[in-house]
Amino acid sequence: MHGPDMSRYEPAVIEPKWQKAWDEAQAFQARRDPARPKYYVLEMFPYPSGRIHMGHVRNYTMGDVVARTKAAQGFSVLHPMGWDAFGMPAENAAMERGGHPRDWTYGNIADMRAQMKPLGLSIDWSRELATCDPEYYGQQQAMFIDMMEAGLVYRKNAVVNWDPVDMTVLANEQVIDGRGWRSNALVERRALTQWFFKISDYSAELLAALDGLKDWPEKVRLMQANWIGKSTGLQFAFKTVGAPAGFETLEVYTTRPDTLLGASFAAISPDHPLAKALESDPAVAAFTALARKGGTSAEEIETAEKIGFDTGIRVKHPLDPDQELPVWIANFILMDYGTGAIFGCPAHDARDFEFATKYGLPITSVFVAQGAEDSPLTEAYVPMKSERVHYVRGFAGNAVQTGEEAIAAAVAHAEAQGYGKGVTNYRLRDWGISRQRYWGCPIPVIHCATCGVVPEKKENLPVELPYDVSFDKPGNPLDRHPTWRDCTCPKCGAAAKRETDTMDTFVDSSWYYARFTAPRATTPTVADDVDYWMNVDQYIGGIEHAILHLLYSRFFARAMHKTGHLPVKAIEPFNALFTQGMVTHEIYKTTDAQGRPVYHLPEDIVRTEAGATLADGTAVEVIPSAKMSKSKKNVVDPMHIIASFGADTARWFVMSDSPPERDVEWTASGAEATFKHLSRVWALSTRIAEMPADHKGEGDDDLLRAMHRAIAEVTSGIEGFAFNKAIAKLYEFTNAIARASASTVVMKEAIRTLSRLMSPMTPHLAEEIWTLQGGTGLCTQSPWPKADPAMLIDDSVTLPIQINGKRRAEISVPKDLSAAEVEKLALANEDVMRFLAGQTVRKLIVVPGRIINVVV
RNA sequence: GCGGGCGUGGCGGAAUGGUAGACGCGGCAGACUCAAAAUCUGCUAUCGCAAGGUGUGUCGGUUCGAGUCCGACCGCCCGCACCA
């Protein structure tokens, strides 16, 4: 006889079988159903590197558990998948190995899809999209044009990291020790005309709206708030003395206007227009070149010495025209914050103190600690703004007040006297999206000699990337593709040139969640679909996207609303956010003859009593778990796990043990133990299936109570994102069934319920048990079980008895017993009497259903 | 430096201010076996023969009662960082 062996758990047989059944039933196709509440679950879509890793398995399993549970609870669920498919790796692969970025990318997508399907995720694959599909980026271009017209896009000259070898702009994180990460060339700071989104228009709103994101991690909201970086202060103009024409005043910004009377110099950024104007002086030019060069790595910034150049220009103190302050150019003043110019108050600012000390500038205290003398300082005195200090040169004269009070007084004074005004500043800068690269969404504009910058006509969209490009030369292939680049002006018809910059890939991922609601539409979105499906009810992804991706998406949703592509309810697109931890693994290391580390894959390691060795017996150093990474070779390929244990084992394991927000350590023994457990459940189900139908057993009520408790606890565990606790409850319930000797009817009901409760984690095994135990239809499409509240209450409770807070005994009492009766029983308990030994009871605390504490 | 988080068995981790260590891993013992693997059963914070004592990073506080709340300290992790 051929066919599956019914006595063994064989995931390789049952998993493909049920995946096919779900496909045929179109079980996961999202349908707009006005009669049902909707639920939109989204995991951050992956970059198509070609291989899935355990982090993907964990991320998508979490989303799948939520999606499957919500579907069972009667929601109309949208759970889509796509690919964040533009970006540099495709171009780098083309440069290193030949081939074409498009072929590489679509090949990788096919490979990764083939690896994801065996996981049995409840994804609506009919909505799949890749951001490099012209169908997708064409709509992105349409929105770009709308946003241009709405004033949300502009061009300006900006200083960028320019790699002179690869001839491209690099992001800050691609510059390592001042050199391009790929070319190793010294990176230049070059001014280029770049495209920007006006995210700074929304600084105040993006900050204020964070308060409404109740179901986002506090940590993420805080990181975004810090990134937006609101500050309030005073902006005012110094009158200059000896400055070039056009620089009669110098605008400065300060958050500590209360220290104005301690000003001893003014300083401007090397990129300040005044510094530029002075560069005709070679000494100034030499200094600004030196000051701008400063490295970009964290250490360099931290240790960078403060350097300055005295311009000889002076400014008049606004409160005392007789007092003049020197104007310095200083390397620590940033052009793109505030006005790019400050006044220095060395007494109350650590940076200014360092600078003043170095260049012999005066250090004058404005305030001192209460009760302290105004004496020379050895370091800047910078108390909290909320602290009360003694002002010796304050606006309110000699007064004791907080910094906050003094700042308010200073702003009021400046505004009343008319020399300055209170302003709010944000650290958030406009979003530069220009990339001098091929594999990105072309910016759909045309440069015309007479009309200037003209958007492409919408009927000509998408502006499609040409396929016939080569990567044998550095630079952007679009720049040297004449037939693509040369075009006619949409306005006047004259010969013109296409923009060759492409968009930052963060633009692509800033609206894919909206596109999933109507992925094939010929407009970016469709009103009925976004109205029904938005917002994303649960978004799941890595903490590494806490700032950029999520902030850009929040901005982009607002921009889409402004241009009519999203309803106002969707300007905060993600109702709830969950950031999951990483999958980690031990690292196995040996050293080669030169003493360099050599890392080994987990599958090449033999664990022994003493530690670990290679197959040939070489001792291996075991380094504690860290994020799985190819360079450390501490990776476990999900495909291997699925091949040896099945997808259900992988899914169950990544959800068990650790809370989902924390890292989970992958261990071979844990994976094996999971497989054994699922095999036990399988065996248990087989045993129950073989019980005689009319068998009457014992303890039916106990098992049913355990079942209802399991329903309640597993459900609340899943709903509270405590998957590890839900799984712990499933273990308990499994053990309860295994130990029970109840009637066949009850045993069957219990195991069917177990399969339903396990199905979000182990959907294939659940279907198999469901069918075996006479469940109707697909387990996946059956309703989620409901706990009977009456079955959750026990008839009697066990109460611990404490004496002076130490547990000494316990009694079992009927649940409704009055407090007075409980007291009586407690005091009559022989252990209690022994411990009391005749002492007087001073106090007796009875917490009903909880505890009794006897105080003597 | 600024901001945030976390410290519980050999390990991952449970615990609305109310029996600390659920559940899992690992370990130990036993059953089955000629034997091993697999499987099953039991035990497993720690000291103690026991009675009992001690235990949630350290020190203090609030409380009838603290892993949980408050204060100080120690350690680890994460984010930001010359932002005026």
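Chain naming here is simple, since letters A, B, ... match the order of the sequence lines and numbering starts at 1 in each.
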Just so I know, are the side chains of [X] and [Y] near enough to count as touching, which here means a heavy-atom distance under 4.5 Å?
| X | Y | value |
| --- | --- | --- |
| A:Phe353 | A:Asp349 | no |
| A:Met655 | A:Met62 | yes |
| A:Ile811 | A:Ile852 | yes |
| A:Pro602 | A:His585 | yes |
| A:Ile342 | A:Ile333 | yes |
| A:Met758 | A:Ile727 | no |

Donor-acceptor side-chain pairing of A:Arg662 and A:Gln580 below 3.5 angstrom |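 No donor-acceptor contact under 3.5 Å links the two side chains.
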
Distance only, no hydrogens: is a donor on one side chain within 3.5 Å (strictly under) of an acceptor on the other, for A:Tyr588 and A:Glu586?
->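 A pair is found: one side chain offers a donor N or O, the other an acceptor, under 3.5 Å apart.
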
Look at the aromatic rings of A:Phe236 and A:Tyr419 and report parallel, tilted or perpendicular, splitting at 30° and 60°.
->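 Ring orientation, 0 to 90° scale: perpendicular.
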
Parallel, tilted or perpendicular: which describes the rings of A:Trp328 and A:Phe355, with under 30° parallel and over 60° perpendicular?
-> perpendicular

Selected nucleotide, minimal atom distance to [X] side chain, candidates [options]:
| X | options | answer |
| --- | --- | --- |
| A:Tyr337 | B:A14, B:A84, B:U19 | B:A84 |
| A:Pro659 | B:G26, B:A84, B:G13 | B:G13 |
| A:Ile333 | B:A84, B:C23, B:A81 | B:A84 |
| A:Arg850 | B:U19, B:C80, B:G18 | B:G18 |

Donor/acceptor link under 3.5 angstrom from A:Lys306 side chain onto base of B:C82 = yes

Which atom pairs, donor and acceptor, lie under 3.5 Å between side-chain atoms of residues 251-260 of chain A and protein residues at least two apart or in another chain?
{"unit_1": "A:Glu251", "atom_1": "OE1", "unit_2": "A:Gln235", "atom_2": "NE2", "d": "3.1"}
{"unit_1": "A:Tyr253", "atom_1": "OH", "unit_2": "A:Ser231", "atom_2": "O", "d": "3.4"}
{"unit_1": "A:Tyr253", "atom_1": "OH", "unit_2": "A:Ser231", "atom_2": "OG", "d": "2.7"}
{"unit_1": "A:Thr254", "atom_1": "OG1", "unit_2": "A:Arg256", "atom_2": "N", "d": "2.9"}
{"unit_1": "A:Arg256", "atom_1": "NE", "unit_2": "A:Asp258", "atom_2": "OD1", "d": "3.1"}
{"unit_1": "A:Arg256", "atom_1": "NH2", "unit_2": "A:Asp258", "atom_2": "OD2", "d": "2.9"}
{"unit_1": "A:Asp258", "atom_1": "OD2", "unit_2": "A:Tyr391", "atom_2": "OH", "d": "2.6"}
{"unit_1": "A:Thr259", "atom_1": "OG1", "unit_2": "A:Arg256", "atom_2": "O", "d": "2.7"}

[X] [atom1] to [N] [atom2]: how many Å, rounded?
| X | N | atom1 | atom2 | result |
| --- | --- | --- | --- | --- |
| A:Glu354 | B:G1 | CD | P | 15 Å |
| A:Asp336 | B:C82 | CG | C1' | 13 Å |
| A:Lys385 | B:A84 | NZ | C1' | 10 Å |
| A:Ile803 | B:G18 | CD1 | C1' | 16 Å |
| A:Phe353 | B:A84 | CZ | C1' | 17 Å |

Might you list the N or O atoms of the protein lying below 3.5 Å from N or O atoms in nucleotides 3-12 of chain B, with each pair's distance?
{"unit_1": "B:G12", "atom_1": "O2'", "unit_2": "A:Ser658", "atom_2": "OG", "d": "2.9"}

Heteroatom pairs (N/O) under 3.5 angstrom, protein to nucleotides 48-54 of chain B:
{"unit_1": "B:G52", "atom_1": "OP1", "unit_2": "A:Arg834", "atom_2": "NH2", "d": "3.3"}
{"unit_1": "B:G53", "atom_1": "OP1", "unit_2": "A:Arg808", "atom_2": "NH1", "d": "3.1"}
{"unit_1": "B:G53", "atom_1": "OP1", "unit_2": "A:Arg808", "atom_2": "NH2", "d": "3.0"}
{"unit_1": "B:G53", "atom_1": "OP2", "unit_2": "A:Arg808", "atom_2": "NH1", "d": "2.9"}

Show me the protein contacts with nucleotides 64-68 of chain B, counting only N or O atoms at under 3.5 Å.
{"unit_1": "B:C64", "atom_1": "O2'", "unit_2": "A:Asn853", "atom_2": "ND2", "d": "3.2"}
{"unit_1": "B:C64", "atom_1": "O2", "unit_2": "A:Asn853", "atom_2": "ND2", "d": "2.7"}

Any-strand Watson-Crick or G-U partner of [N], both distances under 3.5 Å:
| N | value |
| --- | --- |
| B:C80 | B:G1 |
| B:A72 | B:U58 |
| B:G18 | B:C64 |
| B:A38 | none |
| B:C32 | none |

Give every pair of a protein N or O atom and an N or O atom of nucleotides 38-42 of chain B that lie under 3.5 Å apart, one pair per line with the distance.
none

Please state the [atom1] separation for the pair [N] and [M] - nearest whole angstrom.
| N | M | atom1 | result |
| --- | --- | --- | --- |
| B:C77 | B:C28 | C1' | 35 Å |
| B:G67 | B:U58 | P | 12 Å |
| B:A84 | B:G13 | P | 38 Å |

When we call it a touch if two heavy atoms are under 4.0 Å apart, what does A:Tyr731 touch: a base, just sugar-phosphate, or nothing?
->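 Sugar-phosphate, backbone atoms only, no base.
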
Identify whether any heavy atom of A:Asn724 sits under 4.0 Å from a base atom; if not, whether one sits that close to sugar-phosphate; answer base, sugar-phosphate or nothing.
->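 Counting heavy atoms under 4.0 Å across all strands, the contact made by A:Asn724 is with sugar-phosphate only.
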
Answer yes or no for A:Arg8 and A:Trp682: cation-pi contact, defined as NZ/CZ to six-membered ring centre under 6.0 Å and angle to ring axis within 45°.
-> no

May I ask you to establish whether A:Lys306 and A:Phe332 are in a cation-pi arrangement, using a distance under 6.0 Å from NZ or CZ to the six-membered ring centre and at most 45° from the ring axis?
->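 Yes, A:Lys306 and A:Phe332 form such a contact.
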
How should the glycosidic conformation of B:G10 be described, syn or anti, under the criterion that syn lies within 90° of 0?
->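 With its glycosidic angle more than 90° from zero, B:G10 counts as anti.
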
Taking the nucleotide of RNA chain B with the closest heavy atom to each, which residue, A:Phe332 or A:Met223, is nearer the 5' end?
->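 Comparing both residues, the 5'-ward one is A:Met223.
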
Tell me which of A:Ser269 and A:Ile852 sits closer to the 5' end of RNA chain B, going by the nucleotide each one is nearest to.
->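 Final value for this comparison: A:Ile852.
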
Please check if the side chain of A:Thr762 supplies one atom and the backbone of A:Leu765 the other of a donor-acceptor pair under 3.5 Å.
-> no

Show every donor-acceptor pair shorter than 3.5 Å between a side-chain atom in residues 712-723 of chain A and any protein atom, with sequence neighbours excluded, or say none if there are none.
{"unit_1": "A:Thr715", "atom_1": "OG1", "unit_2": "A:Ile711", "atom_2": "O", "d": "2.5"}
{"unit_1": "A:Thr715", "atom_1": "OG1", "unit_2": "A:Trp784", "atom_2": "NE1", "d": "2.9"}
{"unit_1": "A:Ser716", "atom_1": "OG", "unit_2": "A:Ala712", "atom_2": "O", "d": "3.3"}
{"unit_1": "A:Ser716", "atom_1": "OG", "unit_2": "A:Glu713", "atom_2": "O", "d": "3.2"}
{"unit_1": "A:Glu719", "atom_1": "OE2", "unit_2": "A:Gln73", "atom_2": "NE2", "d": "2.9"}

